[in-house]
Amino acid sequence: MNIQKSLREVQDKVRDEGWRIKWIPWQDAGRVEQVYNTPLTLLSGFGGAAVFVGAVWFMASGHAQWPVLVAALTGLLTIFLGRIYAAFNKQAGWIRVTARCIDRDLQERDYPARGNVKVVWECRLLCEFSHDGREYRVTPEASRLAGCPSRQALAQYLQEKIQPDGLCTLWIDPENPLHAVFEKKQWI
């Protein structure tokens, strides 16, 4: 069995674990999902990480604290700005469409946080829309980085973003309309 296909099956299984609505993939079948990068984002990611690790190592060696701390923070900032650039670059040509949310699944998820478990509420939506004369059914990615602290907060957020008749906003990649983001473009 192909290693990429096996890895993609694991990715799909983890992505769908616990969800009633199954993920509709936008990537090619059997291809591993990857984080979007450009040469600049690769350079900022690896370069920023190298500066950060080097600065931490330098501080651990007992050298000057403030200039090295500034270098470490600059490395982290470089990584962060590279990811923001990647998000803007990836979604630069995306278009806004009006879709209809036909189903939603709300779920309580546990994430480790500082030795404790942080509980957040997330949702998976199933939406339909028309683009260039074709009908599409998608499970859009969330535009938010984190879930909501309670079921009520998530329900309130969805009530604000999805009209009573199910109409909502999606941002789609016109080259691959199955790749959609709910409500607004992602920042990272």
Peer 1: Check whether any side-chain heavy atom of T139 lies under 4.5 Å from a side-chain heavy atom of I24, and answer yes or no.
Peer 2: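 Yes, at least one pair of side-chain atoms sits under 4.5 Å.
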Peer 1: Linking I/L/V/M/F/W/Y whenever any side-chain heavy atoms sit under 4.5 Å apart, do W171 and L178 land together?
Peer 2: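 No; L178 is not reachable from W171 via cluster members.
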Peer 1: Could you tell me which residues satisfy salt bridge (charged side-chain N to carboxylate O under 4.0 Å, His left out) with D173, sequence neighbours excluded, listed by chain and number?
Peer 2: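 Residues passing salt bridge (charged side-chain N to carboxylate O under 4.0 Å, His left out) with D173: none at all.
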Peer 1: In Å, rounded to the nearest 0.5 Å, how long is the span from SG of C127 to CD1 of I172?
Peer 2: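 If we round to the nearest 0.5 Å, C127:SG and I172:CD1 are 12.0 Å apart.
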Peer 1: Which pair of heavy atoms, one from C168 and one from I162, lies closest together, and at what distance?
Peer 2: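 Closest heavy-atom pair between C168 and I162: CB-CG1, 4.0 Å.
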Peer 1: More than 12 foreign heavy atoms under 6.0 Å from CD of E175: is that the case here?
Peer 2: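 Count not over threshold, so no.
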Peer 1: Looking at R20, is its backbone amide N or carbonyl O close enough to the side chain of D105 to form a donor-acceptor pair, meaning the two atoms are under 3.5 Å apart?
Peer 2: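 Yes, the answer is positive, given that a donor and an acceptor are paired below the 3.5 Å cut-off.
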Peer 1: What's the separation between atom CG in N176 and atom OH in Y136, rounded to the nearest 0.5 Å?
Peer 2: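 Between atom CG of N176 and atom OH of Y136 there are 8.0 Å.
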Peer 1: Which atom pairs, donor and acceptor, lie under 3.5 Å between side-chain atoms of residues 148-159 and protein residues at least two apart or in another chain?
Peer 2:
from, atom 1, to, atom 2, distance (Å)
S150, OG, A153, N, 3.0
Q156, NE2, E160, OE2, 3.0
Y157, OH, E183, OE1, 2.8

Peer 1: Is there a path of hydrophobic side-chain contacts, each under 4.5 Å between heavy atoms of I/L/V/M/F/W/Y residues, joining Y85 to F80?
Peer 2: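 Cluster IDs for F80 and Y85 differ.
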Peer 1: Treating Ile, Leu, Val, Met, Phe, Trp and Tyr as nodes and any side-chain heavy-atom pair under 4.5 angstrom as an edge, say whether W66 and L73 lie in one connected cluster.
Peer 2: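 Yes; tracing contacts between hydrophobic side chains, which count when under 4.5 Å, links both residues.
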Peer 1: Which atoms form the tightest heavy-atom contact between L170 and F182, and what is the distance?
Peer 2: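 Of all heavy-atom pairs spanning L170 and F182, the closest is CD2-CA, 3.7 Å.
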Peer 1: Does the side chain of R8 come within less than 4.5 Å of P25's, by heavy atoms?
Peer 2: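 Yes, side chains in contact.
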Peer 1: Using modelled atom types and a 3.5 Å cut-off, is there a donor and acceptor pairing between side-chain atoms of S143 and backbone atoms of V181?
Peer 2: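 A pair under 3.5 Å: no.
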Peer 1: Out of curiosity, I21 CD1 to R104 CZ, how far, rounded to the nearest 0.5 Å?
Peer 2: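 These two atoms lie 9.5 Å from each other.
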Peer 1: Working note: Q107 + E122, criterion side chain to side chain contact (heavy atoms under 4.5 Å, CB included); need CA distance, chi angles, decisive distance, verdict.
Peer 2: CA-CA 5 Å; Q107 190 177 107; E122 296 177 347; 5.6 Å; no
Peer 1: Taking atom NZ of K184 as the centre, does the number of heavy atoms from other residues, nucleotides or ligands within less than 6.0 Å exceed 12?
Peer 2: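 Count not over threshold, so no.
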Peer 1: Passes side chain to side chain contact (heavy atoms under 4.5 Å, CB included), W23 versus Q11? Steps please.
Peer 2: CA-CA 11 Å; W23 181 256; Q11 288 175 325; over 6 Å; no
Peer 1: Find the distance between CD1 (I79) and OG1 (T74) and round it off to the nearest 0.5 Å.
Peer 2: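 Going from CD1 on I79 over to OG1 on T74, the span is 11.0 Å.
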Peer 1: Starting at OG1 of T98, measure out to CZ of R100 and round the result to the nearest 0.5 Å.
Peer 2: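 Result: 10.0 Å between the selected atoms.
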Peer 1: State plainly whether one hydrophobic cluster holds both V70 and M59, where clusters connect Ile, Leu, Val, Met, Phe, Trp and Tyr through side-chain heavy atoms under 4.5 angstrom apart.
Peer 2: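 V70 and M59: separate clusters.
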Peer 1: Which donor-acceptor pairs under 3.5 Å do side chains of residues 44-53 form with protein atoms, sequence neighbours excluded?
Peer 2:
from, atom 1, to, atom 2, distance (Å)
S44, OG, L40, O, 3.3
S44, OG, T41, O, 3.1

Peer 1: Output the distance between atom NZ (K22) and atom CG (D16), rounded to the nearest 0.5 Å.
Peer 2: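 It comes to 5.0 Å.
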Peer 1: Describe, in one word, how the ring planes of W94 and H179 are oriented to each other, choosing from parallel (under 30°), tilted (30 to 60°) and perpendicular (over 60°).
Peer 2: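 It falls in the perpendicular class, over 60°.
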Peer 1: Please report the closest heavy-atom contact between I95 and H131, naming both atoms and the distance.
Peer 2: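 Reported closest heavy-atom pair: CD1-CE1, 3.3 Å.
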Peer 1: Please report the closest heavy-atom contact between W19 and R109, naming both atoms and the distance.
Peer 2: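 That would be NE1-NH1, 3.7 Å.
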